[in-house]
Visitor: 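Please read through the structure below; I'll follow up with questions.
Sequence positions, counted from 1, serve as the residue numbers for this chain.
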Amino acid sequence: MTTVGAIHQRVPSAAPVAGTRVRRALLIGGVFSSVLYVFTDIAGGLRYPGYSFSSQAISELMARGAPSETFVDPLFLACSLLTAAFGVGVFLQGRWNRSLRITGALLTVYALLGATGPTLFEMDQRGVGTLQGDPPHIILTAIIALLLMLAIGIGASS
């Protein structure tokens, strides 16, 4: 018995196309979040008299009472939301790739925790820090830095 080779074509349906568009939009959020982050850093630093880009932490732009706080807080929150969208997009893109799913989950958690920086875990301005204000912000920063490094490492392996 001989088998004749048949070509099976998949007929695309509307659902995968819509799903692809959603994933693509979520992934584009990562590009926009990076551009917005750089813009926020530069514009916020210019709104902070005496701010030094080389010797002050970016967190000082959103510190309690900082001259740039009201400008940068909503922009950093937008960065976090766009990064979370990117993380969800990476997670969805990796439906058959465990490393990508883990990377997407880590990026999403990183972004959601980062969103608490300007709201729940604000630091104090330089020179007026307290034990109640700055250590929680420093711990949060360490955790989100670790999450980002893990996401980069696992993402690179996929």
Visitor: Looking at OG1 of Thr141 and CE of Met123, how far apart are the two atoms once the value is rounded to the nearest 0.5 Å?
Guide: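 The CE atom of Met123 is 8.5 Å from OG1 of Thr141, to the nearest 0.5 Å.
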
Visitor: What's the shortest heavy-atom distance between Gly87 and Leu107, and which atoms?
Guide: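 That would be CA-CB, 3.9 Å.
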
Visitor: Look only at the side chain of Asp73 and the backbone of Thr119, and say whether a donor-acceptor pair between them is shorter than 3.5 Å.
Guide: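 The answer is no, because no donor-acceptor pair under 3.5 Å joins these two groups.
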
Visitor: When rounded to the nearest 0.5 angstrom, what distance separates CG in Leu106 from CZ in Arg101?
Guide: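 Separation between the atoms: 12.5 Å.
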
Visitor: What's the shortest heavy-atom distance between Ala78 and Leu36, and which atoms?
Guide: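 Ala78 and Leu36 have their closest heavy atoms at CB-CD2, 3.7 Å.
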
Visitor: Could you state whether Ile42 and Leu61 fall into the same hydrophobic cluster, counting links through intermediate Ile, Leu, Val, Met, Phe, Trp or Tyr residues with side-chain heavy atoms under 4.5 angstrom apart?
Guide: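 Per the 4.5 Å side-chain linkage, Ile42 and Leu61 are not co-clustered.
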
Visitor: Counting only heavy atoms from other residues, nucleotides and ligands, does the tally under 6.0 Å from CZ of Phe32 exceed 12?
Guide: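 Open.
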
Visitor: Where do Met62 and Ser68 land on the side-chain contact (heavy atoms from CB on, under 4.5 Å) test, with the steps shown first?
Guide: CA-CA 7 Å; Met62 65 180 113; Ser68 55; over 6 Å; no

Visitor: I'd like to know if the side chain of Ser33 pairs up with that of Thr83 as donor and acceptor (distance under 3.5 Å, no hydrogens or angles considered).
Guide: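 There is such a pair between these side chains.
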
Visitor: Would you say Phe86 ends up clustered with Val31 if hydrophobic residues are merged whenever their side chains have heavy atoms under 4.5 Å apart, either directly or through other cluster members?
Guide: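 No, Val31 and Phe86 fall in different hydrophobic clusters.
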
Visitor: From Asp124 CG over to Asp134 CG, what is the distance, rounded to the nearest 0.5 angstrom?
Guide: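 Answer for the CG-CG pair, Asp124 versus Asp134, is 5.0 Å.
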
Visitor: Does any non-hydrogen side-chain atom of Leu112 lie less than 4.5 Å from one of Ser80?
Guide: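 Side chain of Ser80 against side chain of Leu112, heavy atoms only: no contact under 4.5 Å found.
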
Visitor: Testing the basics here: between Ala66 and Tyr48, what is the closest heavy-atom pair and its distance to 0.1 Å?
Guide: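 Taking Ala66 first and Tyr48 second, the nearest heavy atoms are CB-CE1, 3.7 Å.
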
Visitor: In terms of hydrophobic clusters joined by side-chain contacts under 4.5 Å, are Ile139 and Leu113 together?
Guide: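 They do share one cluster, since a chain of ILVMFWY contacts under 4.5 Å joins Ile139 to Leu113.
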
Visitor: Between Gln125 and Arg64 (side chain of the first, backbone of the second, donor and acceptor by atom type, cut-off under 3.5 Å), is there such a pair?
Guide: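 It does hold such a pair.
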
Visitor: How long is the gap from OG on Ser158 to CG on Asn97, to the nearest 0.5 Å?
Guide: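 Between Ser158 OG and Asn97 CG, I get 5.0 Å after rounding to 0.5 Å.
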
Visitor: So does Glu122 get a backbone contact from the side chain of His137, meaning a donor-acceptor N/O pair under 3.5 Å?
Guide: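 No; judged by distance alone, with no hydrogens or angles, the pair does not exist.
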
Visitor: Nearest 0.5 Å, please: how far is CG in Leu147 from OG1 in Thr108?
Guide: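 Thr108 atom OG1 to Leu147 atom CG measures 10.5 Å (nearest 0.5 Å).
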
Visitor: Using a 3.5 Å distance criterion without hydrogens, assess whether the side chain of Thr40 forms a donor-acceptor pair with backbone atoms of Leu75.
Guide: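 The answer is no, because no donor-acceptor pair under 3.5 Å joins these two groups.
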
Visitor: Using the rule that two of Ile, Leu, Val, Met, Phe, Trp, Tyr join whenever any of their side-chain heavy atoms come within less than 4.5 Å, decide whether Leu146 and Leu148 are in one cluster.
Guide: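 Linked, Leu146 and Leu148 end up in one cluster.
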
Visitor: How about Phe76 and Tyr37: are their ring centres within less than 6.0 Å of each other?
Guide: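 Here the rings of Tyr37 and Phe76 have centres that are less than 6.0 Å from each other.
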
Visitor: Give me the ring orientation class for Phe53 and Tyr51: parallel if the planes are under 30° apart, tilted from 30 to 60°, perpendicular past 60°.
Guide: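 The rings of Phe53 and Tyr51 stand perpendicular, inter-plane angle above 60°.
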
Visitor: Give a yes or no on whether the backbone of Gly89 and the side-chain of Gln93 come within a donor-acceptor separation of less than 3.5 Å.
Guide: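 Side chain of Gln93 to backbone of Gly89: no pair is present.
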
Visitor: Are Ile102 and Val90 grouped together when hydrophobic residues (ILVMFWY) are joined by side-chain heavy atoms under 4.5 angstrom apart?
Guide: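 Per the 4.5 Å side-chain linkage, Ile102 and Val90 are co-clustered.
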
Visitor: Quick check: does any side chain N or O of Arg47 sit under 3.5 Å from a backbone N or O of Pro67, one acting as donor and the other as acceptor?
Guide: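 No, Arg47 side chain to Pro67 backbone: no donor-acceptor pair under 3.5 Å.
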
Visitor: Run the side-chain hydrogen bond (donor to acceptor under 3.5 Å, both in side chains) test against Ser55 and tell me which residues pass, sequence neighbours left out.
Guide: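 Here the qualifying residues are Ser52.
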
